[in-house]
Amino acid sequence: MNEALWIATASDFLTKHWCLTPADAGLTEAELVRAWRDGETPLEFVTWFAEKYDLIRYEPNPFRPEKF
């Protein structure tokens with residue numbers, strides 16, 4: 001996976017599951033590139049980050065279905 005795709009995948013995962021962009025989370029592009037170079041998967045990195053900062057995973061309200 002190339003760098004741009006890795007960053008996009010990590011960003012999408014963070015947005016979908018924690019409703020945060022990397023900028024909202026305080027992540028810089030340099031930090032994301034470092035994780036990519038270290039060989040972490042986007043899922044591993046975002047999961048580690050969420051655990052480190054005790055983020056609460058987004059769960060949709062079952063009484064208000066989302067429309068996309």
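All residue numbers in this chain count up from 1 along the given sequence.
No option in Leu32, Ile7, Leu20 other than Leu32 meets the side-chain contact (heavy atoms from CB on, under 4.5 Å) test with Leu27.
Here CE of Met1 is found 8.0 Å from OG1 of Thr41. Values are rounded to the nearest 0.5 Å. For the atom pair Thr47 OG1 and Phe13 CZ, the distance stands at 4.5 Å (nearest 0.5 Å). Going from atom CG of Leu14 over to atom CG of Asp24 covers 8.0 Å, rounded to the nearest 0.5 Å.
Side chain of Glu51 to backbone of Trp48: no donor-acceptor contact under 3.5 angstrom is found. With Trp6 contributing its side chain and Glu40 its backbone, the two residues share a donor-acceptor pair below 3.5 Å.
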For this session: Go through Glu31 and Arg34 one step at a time and tell me if the side-chain contact (heavy atoms from CB on, under 4.5 Å) criterion holds.
Result: CA-CA 5 Å; Glu31 291 171 310; Arg34 188 177 321 120; 4.0 Å; yes
For this session: Go through the steps for Phe45 and Asp38 under the test side-chain contact (heavy atoms from CB on, under 4.5 Å), then give the verdict.
Result: CA-CA 10 Å; Phe45 175 75; Asp38 288 346; over 6 Å; no
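The two residues Pro22 and Ser11 come nearest to each other via the heavy atoms CD-OG, 3.4 Å.
Crowding of Arg57 atom CZ: a count of heavy atoms from other residues, nucleotides or ligands under 6.0 Å exceeding 12. Heavy atoms of other residues, nucleotides or ligands lying less than 6.0 angstrom from CD of Glu29 number 12 at most.
In this structure, Tyr58 is not a member of the same hydrophobic cluster as Tyr53, with clusters built from ILVMFWY side-chain heavy atoms closer than 4.5 Å.
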